[in-house]
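These notes are about the structure you will find just below.
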Amino acid sequence: MLKKLLLSTVAIAFVATIQPAEAAESRVLKRIKERGVVNMGHRESSVPFAYIGKDGKPIGYSMDICNMYVDKIRKVLKMPNIKVKHVPVTSQTRIALMANGTIDMECGSTTNNLTRQKQVAYLAVTFITGTKLASKKGSGIKEVEDLNGKAISLSQGTTNEKAIKRIMREKGLKIKIVPVKDHPQGWLALETDRVDAYATDDVLLYGLISKSKNPDQFQVTGRFLSYDPYGIMVPQDDSKYQRLGNVLLADLMRSGEMQKIYDKWFNPGPTGINMPISDTLRVAYEIQALPH
Amino acid sequence: MEFSYNWDWSVLLCTVEDVEIGCIAPYFYWIVEGFGWTIAVASAAWVIAFSWGSFIGILRTLEAPIWLVVPFLKPSMKYKSSVIETGNGAVMINIGWFLHGFATVYVTIFRNIPLLVQMFLWYFVLPEVVSKEAGMWLKREMPLPEYWTAVACLGLYTASRVGEAVRAGINSITQGQHYAAMAIGLTRVQVYRCVLLPVAYRIIIPPLTSDFLGIFKNSSLALTIGVLELTAMTRQIDEYSYQTFEAFTAATVLYILVTAIVMFAMRIVEGRVAIPGMISLGAK
């Protein structure tokens with residue numbers, strides 16, 4: 001009798017440990033389980049990665065991936081009713097909100113770099129871009145060297161700002177920098193002739209042009225001035241949770257599903273951005289499609 | 001709530017990403033540089049706010065007519081009550097109502113539009129509504145366009161608040177002093193300069209201190225038009241290093257330090273200049 005009781009207790013304890021095993025070892029999965037909610041941090045104007053759609057809800061390429069991530073979490077935790085709470089973030093708030101546990105993932109257009117990895121972790125690279133210049137057609141600006149003696153606007157604290165300043169230092173270029181708060185203001189500075197060029201990730205430049213009043217007036221020129229791989233940002237030191245996302249991405253990339261999601265948003269995409277997949281990104285998909 | 005964050009105060013002293021080369025550009029310099037701009041914006045804006053604000057405040061307290069002498073002008077019937085012929089070919093026009101009205105409209109507009117919106121209007125809208133040449137000058141040729149736009153905007157905004165403080169200070173002085181000063185034969189300028197203003201400024205030291213602290217803290221809004229002041233630099237360090245909390249802690253300490261020093265100093269000044277019997281801290 002006692003033996004039986006003991007056995008069943010052990011059995012129950014064993015079964016109890018099996019099911020939430022994923023959750024037990026993962027800090028983030030544990031808190032999602034407890035809350036019954038995934039807090040999805042998202043950008044609001046990173047077209048077409050994460051932006052506010054016509055119905056007021058965030059949509060985009062990164063949002064699609066994040067929603068699949070949540071589905072995966074639902075499956076693993078066997079909790080199909082996990083809700084999603086959207087938390088808008090900016091480039092200034094994303095790191096603090098992730099560090100203090102407010103958001104469980106950040107979906108937008110965040111560059112994955114080694115410095116940032118000291119505070120956060122990233123899923124597999126889902127987009128590859130780099131710094132380019134946008135200028136008015138007929139301005140004669142092709143490369144960054146043509147800007148010597150002219151003015152450029154740069155978003156404060158971006159990897160693009162870093163890249164331009166580094167090139168200026170290396171080549172001894174004299175370019176007047178007009179720091180701006182965000183993309184819309186940088187674009188406004190270019191539109192109103194306050195500056196001769198605006199530099200940011202080329203995909204964002206195409207997005208800004210497609211949304212401007214006079215798309216024909218502007219051009220994106222020059223070589224890539226930096227290498228900016230984007231990734232979904234997740235809390236650090238939680239490899240179980242991070243792996244879950246990477247399994248999802250590997251599956252998507254292997255099955256070709258990823259290419260379909262890409263085409264949905266970029267080729268030509270709901271905002272008319274019209275960017276067929278680049279060779280670099282296609283190779284990145286292939287390399288990251290790890291086998292089971 | 002959990003907090004998964006790697007504290008690393010050394011970022012303020014060293015950029016870690018260039019660890020092989022060593023400290024090539026300590027972020028602390030950025031903070032110092034940003035702090036310098038904050039002080040530069042706040043103090044220049046305060047010069048505008050204090051002088052222009054005092055002028056506006058005084059205009060709002062004017063009651064009796066102010067006569068402007070205009071030679072060779074025929075008075076029209078319509079404004080007869082505010083126009084006097086001097087007899088030697090000139091007329092005197094009462095512009096008191098105009099000055100008073102101007103000051104009131106000014107305060108209403110500048111105090112009621114959010115500062116953030118005003119910054120945007122000065123920086124992005126003004127160059128588009130003036131002539132093309134003037135607009136280009138504002139945008140390209142003007143030295144330090146972001147800085148001077150921020151100073152003008154912040155100064156003119158705070159002037160409306162200072163103006164109200166000055167008006168309240170003057171109005172709080174009993175009419176008897178005003179009449180007594182006039183009775184001994186002082187001109188209106190002398191009444192203000194020798195009697196009303198010296199008392200009014202002492203009374204309004206506390207609200208003026210608040211306005212100064214306000215201008216100091218509001219200078220952080222200059223980052224929206226690209227002035228790399230303390231908050232902007234802090235954000236930049238945050239973006240570059242992802243060490244959010246260290247950067248903002250350093251900025252917070254600096255802001256509190258300056259405001260505390262100003263408050264302490266103004267309390268001493270207030271005690272020193274207090275007039276016994278008037279509402280003031282030093283008059284206890």
Side-chain angles (χ1 to χ4, degrees), chain A residues 27-28 30-31 34 90-102 110-111 113-121 150-151 153-162 165-166 169 176-182 184-196 233-238, chain B residues 1-8 11 15-19 24-25 30 34 37 116 119-120 123-129 132 135-136 138-147 149 221-229 231-248:
Chain A
R27 196 178 76 243
V28 179
K30 191 163 158 259
R31 80 177 177 219
E34 281 163 9
T90 67
S91 57
Q92 276 95 40
T93 61
R94 59 190 170 188
I95 179 70
L97 290 176
M98 184 142 283
N100 71 14
T102 306
T110 301
T111 301
N113 70 33
L114 297 171
T115 311
R116 291 172 172 187
Q117 284 187 18
K118 283 169 46 140
Q119 294 300 348
V120 293
K150 293 184 174 168
S153 53
L154 296 169
S155 273
Q156 288 167 28
T158 53
T159 46
N160 319 108
E161 183 191 30
K162 231 176 182 171
K165 284 187 175 164
R166 183 176 48 80
R169 228 185 6 251
K176 183 176 176 276
I177 292 178
V178 177
V180 291
K181 183 169 64 90
D182 50 22
Q185 287 207 354
W187 195 254
L188 193 56
L190 175 63
E191 269 182 336
T192 57
D193 285 321
R194 190 179 280 276
V195 295
D196 301 290
M233 204 164 80
V234 293
Q236 64 175 349
D237 297 333
D238 193 341
Chain B
M1 187 175 274
E2 63 167 279
F3 200 69
S4 78
Y5 186 79
N6 292 328
W7 290 90
D8 182 6
V11 291
T15 48
V16 192
E17 60 180 323
D18 288 295
V19 75
I24 55 158
W30 292 18
W37 280 112
L116 196 61
M119 284 277 178
F120 189 85
Y123 191 65
F124 281 111
V125 179
L126 179 71
E128 304 307 314
V129 293
K132 208 170 161 64
M136 275 322 267
L138 282 173
K139 284 189 276 195
R140 297 281 184 115
E141 284 135 58
M142 182 165 82
L144 300 173
E146 302 87 15
Y147 172 75
T149 308
L221 285 177
L223 76 89
T224 58
I225 57 170
V227 179
L228 291 174
E229 46 67 67
T231 306
M233 280 300 194
T234 309
R235 286 183 171 196
Q236 196 136 309
I237 295 171
D238 170 32
E239 279 289 314
Y240 274 34
S241 68
Y242 263 36
Q243 303 291 137
T244 310
F245 295 97
E246 290 85 343
F248 278 94

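By the 4.5 Å heavy-atom criterion applied to side chains, A:E161 and B:Q236 are counted as neighbours. In this structure, the side chains of B:P145 and A:R194 come closer than 4.5 Å at one or more pairs of heavy atoms.
Taking CD of B:Q243 as the reference point, atom OG1 of A:T115 lies at 9.5 Å (rounded to 0.5 Å). Distance CZ/B:R235 to NZ/A:K181: 7.5 Å, rounded to 0.5 Å. Of the inter-residue distances, the one linking A:I95 atom CD1 with B:Y5 atom OH reads 7.0 Å to the nearest 0.5 angstrom.
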- Message: The test is side chain to side chain contact (heavy atoms under 4.5 Å, CB included); show your working for B:R140 and A:D196 and say whether it passes.
- Response: CA-CA 10 Å; B:R140 297 281 184 115; A:D196 301 290; 3.2 Å; yes

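What you find for A:Q185 and B:T224 is that their closest heavy atoms are OE1-O, 2.7 Å.
Between chain B and the residues A:V180, A:D193, A:V178, A:L114, the largest count of heavy-atom pairs under 4.5 Å involves A:D193. Between chain A and the residues B:F245, B:F120, B:Y123, the most heavy-atom pairs under 4.5 angstrom are made by B:Y123. Ranking A:R94, A:Q236, A:Q92, A:R116 against chain B, the residue ahead of the rest is A:R116, based on heavy-atom pairs under 4.5 Å.
Of the two parts of B:I225, only the backbone, made up of N, CA, C and O, holds a non-hydrogen atom closer than 4.5 Å to a non-hydrogen atom of chain A. Only the side chain of A:T110 comes within contact range of chain B, with heavy atoms under 4.5 Å apart. Contact of A:T158 with chain B is made through the backbone alone, with heavy-atom distances under 4.5 Å. For a residue to count as touching a neighbouring chain, one of its non-hydrogen atoms must lie under 4.5 Å from one of that chain's; by this rule B:M136 touches chain A with the side chain only.
Shown here are the side chain to side chain donor-acceptor pair (under 3.5 Å) partners of A:D182, two or more places apart in sequence or in another chain: there are none. Listed by chain and number, the residues in a side chain to side chain donor-acceptor pair (under 3.5 Å) with A:K176 amount to none (sequence neighbours excluded).
A side-chain donor-acceptor contact under 3.5 Å links A:Q119 to the backbone of B:N6.
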